[in-house]
Enquirer: 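I have a structure here, written as structure tokens, and I will follow up with some questions on it.
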Amino acid sequence: MWTLLWLFIFQRESNNGVYFAGMFRIANFEFIPEYRHTDSTEFLSMATKIANVVNDVYRKSPVSKLYQQSVISDISTNNKGGLLVHFWMVFVVTSMNSHSLCEECVGAILRDSVHTSLLNRSSVGFLLSLPVDIDSIVVNAALRSEYTGTDAKCVDDLYAGRPGTRLPLHVSVPQGGLLCHVKLSTTPGYLARLTIASFAIEPTACVSSSLTVYDSLIPLRTKVLYKVCDPVNSASNFSLVSTGNVMFLSFSLGQGSKMFIGYFEAITEKSCSSALITLGQSASEGVITSPHHPSFFPPQCDCTWEFQTPDGSLGVALTFHNYMLTEKGLRGCEHGWWRINEVIYCGDYVDHHTVFRVAHPRTEIEFRCSSKFSDPPLSAEYRSYNISEPCADGHFLCSTGLCVSAERRCDGVDDCLDESDEVYCSKPPCDGFAQQHPDYACNGVRDCEDGSDEANCTQEVPCTPISYRCRNGKCIRKRNAECDGVPDCADKSDESHCACGRPAPVRARVVGGSEAQEGEWPWQVSMHFAGTFYCGASVIAADWLLSAAHCFSRDRLSDPQQWKAHLGMRSQGTAKFVVGIRRIVVHEFYSARNFDYDIALLQLSSPWPLALSSHIQPICLPPSSQAVPAGHNCWVTGWGSKAEEDKDLPQILQKAEVQVISQTVCKGRYSPVSPRMLCAGVMTGERDACRGDSGGPLSCREPSGGHWFLTGIVSWGAGCGRPNLPGVYTRVSKFAAWIREHIP
Ligand code: ARG
């Protein structure tokens with residue numbers, strides 16, 4: 001009878017219950033071990049005391065009529081001392097008044113009730129009788145299932161005590177289809193470290209299986225430390241560290257056998273700052289690292305390092321392994337905020353090393369973690385360097401801070417890793433030696449009168465970034481050998497995968513463009529987010545598309561379930577095939593600050609039917625050696641704005657012919673332009689991509705074989721179609737290996 005009644009109340013509540021989860025810190029209260037046990041009298045009496053205060057606050061608030069109750073679920077502590085209170089709040093609404101309960105409003109009621117004194121300038125004030133840290137208040141909208149925990153079929157609670165013991169954590173389910181919740185805590189004063197040794201799941205961008213790690217004891221959206229969506233194995237294992245002494249793990253395990261192996265331990269919190277570091281003259285001196293190195297570092301941290309060199313002629317050089325500092329602009333820093341002698345920089349992950357030099361004998365460096373989630377470990381080697389001569393004799397100083405042999409300047413090879421050794425170069429004359437120059441040799445353009453630069457191109461050479469790699473591993477000089485209609489490799493592999501980039505002939509053959517013909521660009525895809533056209537993409541395989549990372553990188557946009565791909569379409573709404581997205585792979589180094597690595601792979605929920613091949617077809621992917629000489633004509637296509645100021649988008653697919661622009665000219669117009677970018681347009685403006693074209697193709701036709709290649713992906717530009725400000729595209733050839741890695 002009682003259960004029934006309870007069920008009834010619950011049922012009724014569940015239809016219109018609105019749930020919030022939250023956390024705040026009570027200062028000046030000492031944490032006692034009994035608080036860990038929610039059935040202890042100590043916990044119960046403290047929880048009742050806190051709940052009474054929260055109840056009082058909300059019962060006197062404008063939403064008092066809707067307020068039901070608060071439940072204190074856990075009490076922990078962190079390095080700031082005091083108590084960290086985790087709580088749930090339940091409101092009951094009708095459709096009439098549900099609008100008055102926004103997340104911000106409910107949080108603001110709590111925050112506004114804390115009375116702080118202007119005198120002592122502390123963030124701790126009084127919430128009725130409780131000293132609460134106003135900066136610590138977090139209130140997130142939550143789901144009923146999270147509140148009741150009813151969906152979780154397995155729950156566990158692990159306590160690691162002090163450093164020195166590793167508690168194994170194994171989750172193994174033969175069938176899947178399970179939600180597991182694990183609470184981890186350590187003795188107050190220590191931090192929690194979770195090591196993920198292996199996680200056997202299908203990579204589905206967290207749709208079917210995932211592990212979410214929280215920096216709290218309940219699943220608070222704004223306290224996510226990390227989300228694991230991809231399988232982890234011995235080569236990719238890693239550790240995460242909390243900011244307090246607790247963690248909450250939420251395993252969502254889709255159908256099929258799933259297995260997690262890892263361990264959990266308490267670690268001592270160490271300061272990442274260090275006392276004054278005095279440098280000598282020697283070559284290599286030491287390393288500074290992100291907190292808890294080599295674990296990932298949490299979203300909040302602050303480290304300061306001070307350096308002193310022996311005299312005014314020596315500065316400090318920091319060598320980063322795959323990280324780069326650039327001066328901060330208007331945008332915030334996504335992967336680390338740096339203050340170096342009062343100048344602010346942002347850090348971004350890149351795929352090469354860089355050297356940052358501070359031309360000052362005394363340097364103060366402050367590093368603050370600034371990402372949304374935990375970030376991979378960072379380290380920098382420091383040493384002193386000669387300010388008047390940063391590079392040894394006969395060396396050239398790159399913008400990346402690297403020193404390369406002066407002979408490498410203007411040799412056509414990007415030795416600096418940001419092309420700074422290859423801009424503002426005059427083209428060498430066409431003498432015997434110049435014919436070997438990467439700007440001339442076997443790039444498909446007859447640069448020298450006698451044609452010698454295009455001779456002997458099928459000659460086998462040691463593999464370099466500008467040689468074409470045949471499938472048998474041998475390399476030849478001809479850079480654009482792929483699908484050019486001539487077998488060049490001894491094994492003919494360069495012509496063996498060419499069912500791409502060949503639209504059926506159309507009768508004739510963006511800003512300043514014209515309407516495309518039916519079937520003219522069969523690889524063009526229209527990407528729709530929550531039912532609305534948002535970006536372009538290109539078909540590159542039976543179930544894969546290539547697009548721009550910036551179309552998919554923000555919160556909601558990263559959810560594959562919100563997206564639909566429209567294939568084989570000329571006029572919006574008439575697609576031959578509309579399909580969902582199974583998985584979105586955004587490049588790990590994509591930076592929303594400078595649009596570097598602006599590339600994303602999209603896996604379709606199901607392949608497009610071969611029967612539609614007259615309307616849908618993949619475009620060829622350029623090999624990493626692809627040369628696209630400046631002046632080459634290519635086409636940009638999309639349903640984006642026809643003019644910068646246009647609000648309406650065209651119905652019919654637009655096409656515009658644009659020219660590839662040399663990297664030197666492009667860098668002269670914009671900064672920074674990375675080697676992963678390519679400029680195309682017309683210097684008068686007129687023809688360009690625009691808002692809505694992003695992610696779509698820059699298609700270039702290989703002259704001899706007639707196949708179309710996906711040379712670029714629409715990425716960014718200043719306005720649209722402005723004179724001297726060309727469109728900037730992702731240089732797809734730079735991602736040949738990355739694409740191959742992700743597409744089986
Ligand atoms: N970022 C834009 C988009 O989201 C594309 C901008 C291209 N701009 C240009 N001038 N080419 O659609």
Side-chain angles (χ1 to χ4, degrees), residues 330-331 510-513 521 524-530 532-538 545-558 562-563 565-566 572 584 586-587 590-600 602 633-650 653-661 663 665-667 669-674 676-700 710-732:
L330 291 173
R331 281 170 167 267
V510 181
V511 173
W521 311 100
Q524 174 80 49
V525 179
S526 177
M527 293 302 303
H528 298 240
F529 177 77
T532 315
F533 166 72
Y534 200 80
C535 265
S538 307
L545 311 178
L546 201 57
S547 186
H550 80 259
C551 297
F552 307 93
S553 67
R554 271 181 297 135
D555 287 348
R556 267 154 34 86
L557 296 173
S558 64
Q562 300 285 330
W563 288 93
H566 293 230
Q572 282 289 354
I584 300 174
V586 168
H587 198 285
Y590 165 65
S591 161
R593 241 162 38 80
N594 52 27
F595 286 90
D596 208 358
Y597 302 90
D598 193 7
I599 192 167
L602 315 174
N633 284 323
C634 299
W635 291 80
V636 59
T637 46
W639 290 271
S641 304
K642 285 166 79 171
E644 193 177 322
E645 60 283 357
D646 275 13
K647 291 239 159 39
D648 296 334
L649 297 172
L653 180 63
Q654 303 288 307
K655 60 176 179 184
E657 192 171 27
V658 288
Q659 273 178 358
V660 172
I661 288 162
Q663 213 69 344
V665 173
C666 185
K667 285 182 187 232
R669 302 280 177 254
Y670 291 120
S671 85
V673 169
S674 84
R676 293 153 294 274
M677 299 174 190
L678 170 148
C679 283
V682 283
M683 278 309 177
T684 53
E686 293 172 55
R687 295 197 300 278
D688 191 8
C690 200
R691 204 165 11 86
D693 290 322
S694 278
L698 175 73
S699 311
C700 303
L710 183 62
T711 298
I713 298 170
V714 179
S715 178
W716 60 279
C720 306
R722 299 188 190 176
N724 296 316
L725 290 169
V728 186
Y729 298 79
T730 309
R731 195 183 279 270
V732 179

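Order of appearance sets the numbers: ligands from 1, and atoms from 1 within every ligand. Any value given below was found using the heavy atoms of this structure, including those in side chains, with hydrogens, waters and symmetry copies removed. Everything quoted here is computed from the prediction, not taken from an experiment.
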Enquirer: For ligand 1, which atoms have a heavy atom of C720 less than 4.0 angstrom away?
Expert: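 Close to C720: 10 (N).
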Enquirer: Does any non-hydrogen side-chain atom of E644 lie less than 4.5 Å from one of V511?
Expert: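 Contact flag for V511/E644 side chains = no.
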Enquirer: Tell me, do L698 and W635 make a side-chain contact under 4.5 Å, heavy atoms counted?
Expert: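 When only atoms from C-beta onward are counted, W635 and L698 do not touch, as no gap falls below 4.5 Å.
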Enquirer: Please confirm whether S715 approaches ligand 1 to less than 4.0 Å, judged on its heavy atoms.
Expert: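 Checking ligand 1 against S715, which is what was asked, there is a heavy-atom contact under 4.0 Å.
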Enquirer: Measure the distance from atom 9 (C) of ligand 1 to every protein heavy atom, then report the residue, atom name and distance (to 0.1 Å) of the closest one.
Expert: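 Protein heavy atom with the smallest distance to atom 9 (C) of ligand 1: A689 O, 3.2 Å.
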Enquirer: Take the angle between the ring planes of H550 and F595 and call it parallel below 30°, perpendicular above 60°, tilted in between.
Expert: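 Taking F595 first and then H550, their aromatic rings stand perpendicular (interplane angle over 60°).
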Enquirer: Counting each atom of ligand 1 from 1 as listed, which ones have a heavy atom of G727 under 4.0 Å away?
Expert: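 Ligand 1 atoms under the 4.0 Å threshold to G727: 11 (N).
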Enquirer: Roughly how far apart are R691 CZ and Y534 OH, rounded to 0.5 Å?
Expert: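 One gets 11.5 Å once the value is rounded to the nearest 0.5 Å.
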Enquirer: Run the numbers for me: atoms of ligand 1, each under 4.0 Å from some heavy atom of R691, listed by number.
Expert: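 Answer, ordered by atom number: 12 (O).
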Enquirer: If you take all heavy atoms of M527 and G536, which pair is closest and at what distance?
Expert: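 Here M527 and G536 meet closest at CG-O, 4.0 Å.
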Enquirer: I'd like to check which ligand 1 atoms, numbered from 1 as shown, lie under 4.0 Å from a non-hydrogen atom of C690.
Expert: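 Those of ligand 1 that fall under 4.0 Å from C690 are 5 (C), 12 (O).
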Enquirer: What are the atoms of ligand 1, with element, lying closer than 4.0 Å to any heavy atom of D693?
Expert: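 Those of ligand 1 that fall under 4.0 Å from D693 are 12 (O).
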Enquirer: Using a strict 4.0 Å cut-off to heavy atoms of G692, name the atoms of ligand 1 that fall inside it.
Expert: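 Counting atoms of ligand 1 from 1, those under 4.0 Å from G692 are 3 (C), 12 (O).
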Enquirer: A side-chain contact here means heavy atoms from C-beta on lying under 4.5 Å apart; do L725 and Y670 qualify?
Expert: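 Side-chain contact under 4.5 Å: yes.
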Enquirer: Can G719 be said to touch ligand 1, with heavy atoms closer than 4.0 Å?
Expert: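 For ligand 1, residue contact (heavy atoms, under 4.0 Å) with G719 is present.
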Enquirer: Do me a favour and list the nearest non-hydrogen protein atom to atom 4 (O) of ligand 1 with residue, atom name and distance?
Expert: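 I find the closest protein heavy atom is S694 OG, 2.5 Å.
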Enquirer: Among D598, T730, D596, find the one that has a side-chain hydrogen bond (donor to acceptor under 3.5 Å, both in side chains) with R676.
Expert: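 Among D598, T730, D596, the one meeting side-chain hydrogen bond (donor to acceptor under 3.5 Å, both in side chains) with R676 is D596.
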Enquirer: Check whether any side-chain heavy atom of W521 lies under 4.5 Å from a side-chain heavy atom of P697, and answer yes or no.
Expert: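 A side-chain contact is absent here, since even the closest heavy-atom pair is not under 4.5 Å.
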Enquirer: Provide the closest heavy-atom pair for P726 versus A680 in the form atom of the first, atom of the second, distance.
Expert: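 Closest pair (atom of P726, atom of A680, distance): CB-O, 3.6 Å.
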Enquirer: Within the structure, is a non-hydrogen atom of R722 found at a distance of less than 4.0 Å from ligand 1?
Expert: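 It does not, in that no heavy atom of R722 comes within the 4.0 Å cut-off of ligand 1.
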Enquirer: Between ligand 1 and H550, is the shortest N or O to N or O distance under 3.5 Å?
Expert: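 Yes, since at least one N or O of H550 sits under 3.5 Å from an N or O of ligand 1.
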Enquirer: Nearest protein heavy atom to atom 11 (N) of ligand 1, by residue and atom, and its distance?
Expert: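 Here the nearest protein heavy atom works out to D688 OD1, 2.9 Å.
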